[in-house]
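Before any comments, here is the structure.
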Amino acid sequence: MNLIIDIGNTIAKMAVFDGGRIVEVVYDSNLTLERLPEVCRTYTIEKAIVATVIDLSREVLSQLEDMAVPILWLNEKTSLPVENLYETPRTLGYDRMAAVVGANEQFPGRDILVIDAGTCITYEFVDAAARYHGGNISPGLQMRFKALHQFTGRLPMVALEGRMVPMGKDTDTAIRAGVLKGIEYEISGYVTAMKHKYPELLVFLTGGDDFSFDTNLKSIIFADRFLVLKGLNRILNYNNDRL
Ligand SMILES: Nc1ncnc2c1ncn2[C@@H]1O[C@H](COP(=O)(O)OP(=O)(O)OP(=O)(O)O)[C@@H](O)[C@H]1O
Ligand SMILES: CC(C)(CO)[C@@H](O)C(=O)NCCC(=O)O
Ligand SMILES: [K+]
């Protein structure tokens, strides 16, 4: 079985794959990875891939060093099943590439916009010839709430859950609707603009924060919470001979 380790800015995700099938997904601290030994005891892991967008703590590094299987560290030197046209492959966050590889596996030969809503929201474009052209980075849901609070004198920290109106009636609803509507309009703006440019476009939505909103483009949008993990599994198998 394959072990996939995706270390994000907020949380780490570990997934066990049996072939192309997800057997289990475990959420863990990105500072300790304390559940790794338990995962390794429970399953017969043959190989692992690690993708990180943060510098790893001493504790996480020693957890990974204790693993008794070959580990593929995903970076700019890793062979990929899609062509990378990002001008600075060394600074690319490889969670972005993993999402693209996962989307391209499900729909090879299609133009795809991949939207990953986590700590940040990322927008990636991969074309029908499997070329990754790059994409955009914007603040994630929680980051928007925190930024409004942290960089002002009078704006409170508002929670996602609570009263929702189209246009704010008080500070609380103004912030909640401002943040949520901002993201909804941002996402639908990208989808509409990209669909205009690439009429056969498909869209993938992934990440911890899922958004359900009204759009007449629903038929081209696929939601897949585990797209990054699936892409990492594909990259690990693609590099089987090099491990
Ligand atoms: N079982 C779970 N345990 C913990 N978090 C969960 C669970 N299921 C869903 N989540 C949600 O997933 C979110 C993590 O989102 P995501 O997978 O995009 O990772 P992230 O670390 O926030 O983002 P990034 O990878 O961009 O740094 C958490 O904030 C939480 O809301
Ligand atoms: C944008 C994030 C934070 C999304 O997780 C990550 O992919 C990252 O740290 N990227 C580095 C910058 C870049 O991708 O060009
Ligand atoms: K992410």
Side-chain angles (χ1 to χ4, degrees), residues 4-15 25-33 49-57 60-61 64 72-105 112-127 130-148 150-151 160 179 182-184 186-187 189-191 194 203-211 222-236 238:
I4 311 306
I5 304 175
D6 168 22
I7 304 175
N9 278 292
T10 307
I11 201 165
K13 285 129 282 186
M14 294 184 278
V25 177
V26 172
Y27 292 79
D28 202 352
S29 158
N30 57 1
L31 298 177
T32 61
L33 224 55
I49 182 168
V50 176
T52 182
V53 294
I54 60 172
D55 292 336
L56 298 180
S57 68
V60 166
L61 284 171
L64 291 169
L72 177 70
W73 289 83
L74 180 56
N75 57 36
E76 76 279 7
K77 296 185 193 106
T78 311
S79 298
L80 298 167
V82 307
E83 188 183 349
N84 188 1
L85 300 178
Y86 208 60
E87 289 181 3
T88 57
R90 225 170 52 78
T91 72
L92 177 66
Y94 278 83
D95 55 340
R96 303 176 62 190
M97 177 55 83
V100 161
V101 167
N104 170 264
E105 178 173 39
I112 310 175
L113 171 67
V114 185
I115 304 172
D116 184 352
T119 310
C120 295
I121 305 176
T122 53
Y123 301 85
E124 319 296 346
F125 180 65
V126 59
D127 73 15
R131 288 179 302 212
Y132 169 56
H133 289 258
N136 295 347
I137 302 169
S138 89
L141 178 75
Q142 287 308 324
M143 196 181 285
R144 294 179 196 221
F145 283 119
K146 280 185 203 148
L148 290 174
Q150 199 164 316
F151 299 117
L160 175 62
V179 166
I183 292 177
E184 285 180 20
E186 183 177 303
I187 291 178
Y190 274 104
V191 174
M194 292 295 285
V203 180
F204 268 94
L205 272 179
T206 188
D209 293 321
D210 33 31
F211 299 95
F222 297 85
D224 187 341
R225 155 124 340 180
F226 301 127
L227 194 62
V228 171
L229 297 170
K230 289 175 185 173
L232 292 174
N233 187 52
R234 183 184 179 199
I235 295 169
L236 180 55
Y238 187 78

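Starting from 1, each residue takes its place in the sequence as its number. In each ligand, atom 1 is the first atom listed, and ligand 1 is the first ligand listed.
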**Q.** Beyond-backbone contact of Pro89 with Tyr94, side-chain heavy atoms, under 4.5 angstrom
**A.** yes

Q. Do Ile137 and Arg96 have side-chain heavy atoms sitting under 4.5 Å apart?
A. yes

Using distance alone, determine whether [X] and ligand 2 share an N or O pair under 3.5 Å.
{"X": "Gly93", "value": "yes"}
{"X": "Thr122", "value": "no"}
{"X": "Asn9", "value": "no"}

(Q) Below 30° counts as parallel, above 60° as perpendicular, anything between as tilted: where do the rings of Phe125 and His133 land? (A) tilted

Q. Pick one: which of Ile183, Ile121, Thr122 meets side chain to side chain contact (heavy atoms under 4.5 Å, CB included) with Ser138?
A. Ile121

Q.
To check you understand the geometry: which heavy-atom pair defines the closest contact between Val100 and Val126, and what is its length?
A. CG1-CB, 3.6 Å

Q: Take every heavy atom of Tyr86, measure it against each atom of ligand 2, and state whether any distance is under 4.0 Å.
A: yes

Q: Measure the distances from the heavy atoms of Thr119 to every atom of ligand 2 and state whether one is below 4.0 angstrom.
A: no

Q) Taking only heavy atoms of Leu92, which atoms of ligand 2 are found under 4.0 Å from at least one of them? A) 13 (C), 14 (O), 15 (O)

